Amino acid sequence: MPDKESTDRRTFLQYGGTAAATVASVSLAGCGNGEGNGDGEGDGDGDPAESAAEVTITLSQFPDTIDPLDHITGDYFDVFDHIYEPIFDFRPGEGIFPRVVEGQEVQGDGTTDLQLRDDVVFHNGDDLTAEDVAWTINRTLDPDFGVQSPIGTFGLGSIEGAEAVDDLTVTVEYGAAPGLAEFEYGNYGRAMNREWSIDNHDAENSAISGSSPDDFNGTGPYEVVDFTSGEEIVLERFDDYWGEAPPFQTVTFRANTESSGRAAALEAGETDLTINVLPEDVATIQDASGVEIRNVTSFRTIFCPMKNTVEPYDSPEFRRAINHAVDNEGIVEDVLSGFGRAVGQPVAPAINGYNPDVEPYEQDVGTAESLVEESGYGGVDITLTAPQGRYLNDAQVAQTAADQIDQLSNVNCEANIVEFPVVSDENSAGVEPENITHPFYMIGWGTITGDADYGVQGFFTVPDNPSRTFDDEELSDAILESQQIQDPDERTQQLQEVMEIAHEKAPWLFLHVQESIYGVNEAIQWEPRPDEVVYVEEMDR
Amino acid sequence: MLGQGATQDLIEEVREAEGLDEPIYVQYGDYIGGLLRGDLGYSWRSERDVAAMVVERIPATIELAVAATAIAILIAVPLGVISATRRDTPYDYGATLFSLLGISTPNFWLGLMLVLLFGVWYGIPYPTIDVGSGLWIRVEFVDLPTGRREVGLGGAVLTLFRSGSFGDLWLWIKQITLPAVTLGTYFTALITRLTRSGMIDESGKPYVTATRAKGLPGVLVQYKHVLRNTMIPIITVLGLQMGTLMGGAVITETVFNWPGLGLRLISALGVRDWPLMQGIIIFIAVMFVVINIVVDALYTYLDPQVSLE
Amino acid sequence: MISDRVRSNLKRTFRESLLPKLGVTLLTVIVFVALFAPVLATHDPTRTGNFHENGGPYPPPGFDYTTTVSQDGEITEVTVTSTEKHLLGTNTVGQDVYSRALYGARVSLLVSLFGVSLALLLGVPFGLVAGYYGGRIDDGLMRLADIMLAFPALVLALALIGVFGSQPVRVPDPIVAAGLADGMPESIPIPGSVTVVVALVTWVWFARVARGEALSIRNEEYVKAARSFGTADWRILLKHVLPNSFTPIIVLATIQMAIIILIEASLAYLGFSGTTLSWGYEIETGQDVLRTRPWIAMVPGIGIVLAIVSVNLIGDWLRDALDPNIEGSERGA
């Protein structure tokens, strides 16, 4: 099930930055990991030198599949990207950089040639070939492919196909400007083994399936040695990895949907790093010994789409009224304890195309009420459907927003709290009224490419986009126009224009950009990334 | 199941592949046919075999249920006996109050309150208690018992035999204690009640008075005859209460993130994964039929006067 | 309906023991609280945003705490103190905990009252007819009853919620409508599908008891006599059989009420009731912040325990006094 959800997945092997620190910190690490009694083997008093080579990471969702391109969920990519290598590395705000690809050449006719490294091998011993990479891209595009990847056209919107020219050259074909296409295949390109995928493909179930450690087969720096579905996955260094050896011998991923459980595990020394710490737990973790909080403003915006093909959301006045009803600055301050920033447009301030002149909607009950009257929907009952435990205090944010809307004298609003996949399904259900169950719902979107196009095109473009959440030609055309502009500055300007149109048309209830809060063992050297990716390669003890 | 940009063709294809284009009764027939072969279908979300997803979660639930029942019997029978033999003493009142609260406390709340309470001493390595401002005792929950199951009993025992290390077994005990107490409290309360009233009833029966008159020491009568006869209704009730135990396990597993069948049921329900949900419920139903047969058999064995019709 | 003997039995056991008195007092208080929640509440229970100026919800007295806030990425520590305005503090969205606890009693009692009534309406007629006529209806009912009673009530309820979804129903508040409580919500949402579902999982108990009574009465001389006079069956059922089943059904209804309160709280805790104004849901929201804001989960839990204790005490009293000899105490959660 593709959550149209995202965070991301590309590594940068920034060894330049972190490798220097390796030598100094190894000696420290032995002491830092004294109480790791959760390893499940023996009494847990491991040899200090050995425990220095381990790291345990606790996520909030756990992959239940062995196919890295089965879901678009940040937590899943955090695990999979260590096993199945991205073909490019991505650095937030900097761009994409070759990884298993040695270089690329833009051909100028809507194609780019990718030149693969010749020393990349899979965990099962096979060499990586151009066939493999082309196949991996094609399976996300073509429904008749046989081993189709359900992540669909969202992430690779403008990519039209890929072809192996020779053993190590792949030609990628696309319809948009090369700079944009590069973001897309740089984003979802993975080195998967074609033969292995076909062998493990379960046709009845239309998925690549398996449940033993040997079923995983990538080219990444780590291979799977232990896999307990839904609970734990243990990775070890892959000896034949083409690149530099990663910093830890063993990496363990676990998941806990309860944030208090994650915080407790960190404080108890059962894990070295946990994602999505609640603002409420920040003080406790800061006070506990040996662990600390690290935070960064992310690329993720939180917002509530209003599908404009059903009443009352078809009225722009009504949608603006909703935006005026909610005090998103107050919500950030109170419900998120300041761990966020209110916005009035689809993307975060650090994103290319963000429009600094577009302010958040100001809370103004009077204006909101008269806009509702103007829209003709006075007295309407609406429901805001929101997930729980997916984003920073998501259910609380939704309840507060719903209550603020409810305080308008002419609208009744209630919050409906559900599990995340319910809103995720709604988000990909499109705008056909008969497919809409929750026309007003909360979701988050990480514009991980650092470019506003990725933050708007899936939601607002009309042609060939059945899963859009908003039906408006003007907004759609403005985005499509920007995709064809070759000059970077001009494109940025057009994107800023898009932001202004989006603000006016209010396709969403705009809320905020959230801060990522991590709890980390002090001995771990690691800086959180704005795209929410957690890569072991960037860490050190 | 299908994502962004699923074309109409693709939707049709998947419908066909999954038999969704067949009439409902054919689909239902296929499903039942599969059931009889032990095939519960595939989970919509994880695309895994439902039967496997059920089976892998059974041990954790059984461990929890058995541990809870064991705790309940170990505490409740002595408590009930004390309560019955010292009627209308503070012991009796205490036991009565305990059982009243025990049967009236929802176990999700109980679990949380136990975490709150025992988070204190569970963190034996470094508990820092500081009687701070006002009434509230400020406590650093250094080692909050989350109840997460990291090692199963089977694995822990294996480790013990293979390496002679108690480490895993100790870890298992630490992790199961709080969930088991949470799940077991209702049964402890219930059995305490039953033991107490059962013993009081039995003690008044003619055979007890008669054996006493024969000069058999009172204590012996109490324990040998009275308690044994009291156990029969207790086992019956326990059998009847298996449903409660399972319902309780669902909640307890959710509170403690205990990876059993109940937790899986709740998450399946939360994400609308019908095949998985159906599979778990069918499994529970079948399990119940079996348990009821076993309880009936046990009942006949204990009480020769009852025979199965 | 209630004979003199039963009445004197009730009085005697009530006088002799402390527990029934406690139960009746507690339940009276809870019913009073539920009825007059809009008057007793200090805040609209659904209004969010009552936060301390330093950030974070208000604690109750004695629960002052320090927390952190972020300002442009910089984390600073702040102290949050209690206020008289919020007796039991506020929750994670800044709603008044005390007022929500009062309204929680209302939701809990409404669901159990409607649930039990619905179960009665479904179960009693069915049981009476089955027991009176016997034969295939009776066999079918008993088979169904055996299956349903063996099955975990909560699991069954979850399955039904899965099928029905969780639809809330708005119940208007007469006290607010009469203008006696300004600023309180004009209607509150109660979990509609949960009410139906709890009736569907409990009705079979009532059917069983009614059937048993009908079975034992149908061969009584006076029933036979009535039948030979040509009295219609439905009249016999209504005039003779039903009144006799009254006592055990009342006892059963009490026991089932406690069970329903618990199932409602459990479903709300699990997030399947579709409403947020509920003791169970409140505990759920308190769970994530249990370590730092423990009162949010503590207060509503005390409400649930008191409600169930009071109903259980009354149930025990009725059972002891009336000795109806029935099962049905499986609580399912």
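In what follows, every chain begins at residue 1, and chains take the letters A, B, ... in the order their sequences are listed. As the structure is a prediction and not an experimental result, all values here were calculated from the model.
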Heavy-atom pair with the smallest gap, counting every atom of Pro152(C) and Gly247(B)
CB-N, 4.1 Å

Could you tell me which non-hydrogen atom of Ser266(C) sits nearest to which non-hydrogen atom of Ile251(B), and how far apart they are?
CB-CD1, 3.6 Å

Chain B contact via Ala265(C) - side chain, backbone, both or neither, heavy atoms under 4.5 Å
both

All heavy atoms of Ile283(C) vs all of Phe108(B), minimum pair found to be CD1-CE1, 3.6 Å

Kindly check if the number of other-residue, nucleotide or ligand heavy atoms within 6.0 Å of CZ (Arg12(C)) is above 12?
yes

Among Leu265(B), Leu100(B), Leu269(B), who wins on heavy-atom pairs under 4.5 Å with chain C?
Leu269(B)

What pair of heavy atoms forms the shortest contact from Ile302(C) to Trp109(B), and how long is it?
N-CZ2, 3.7 Å

Quick one: pull up CD1 in Ile281(B) and CG in Leu156(C) and give me the separation to the nearest 0.5 Å.
8.0 Å

Nearest heavy-atom contact between Val255(B) and Gln287(C) is O-NE2, 3.3 Å

To the closest 0.5 Å, what do you measure between CD1 (Ile304(C)) and CG (Leu110(B))?
12.0 Å

Mark yes when over 12 heavy atoms from residues, nucleotides or ligands other than Glu84(C) sit less than 6.0 Å from its CD; otherwise mark no.
no

Under the side-chain contact (heavy atoms from CB on, under 4.5 Å) test, which residues partner Gln167(C), sequence neighbours left out?
Ser193(C)

Return yes when atom NZ of Lys85(C) has more than 12 non-hydrogen atoms of other residues, nucleotides or ligands closer than 6.0 Å, and no otherwise.
no

Can you give me the closest heavy-atom contact between Met246(B) and Val155(C), atom names plus distance?
CG-CG2, 4.4 Å

Looking only at Leu19(C), Leu270(C), Ile261(C), the option with the highest number of non-hydrogen pairs under 4.5 Å against chain B is Leu270(C)

Region of Leu18(C) in contact with chain B, defined by heavy-atom distances below 4.5 Å
neither

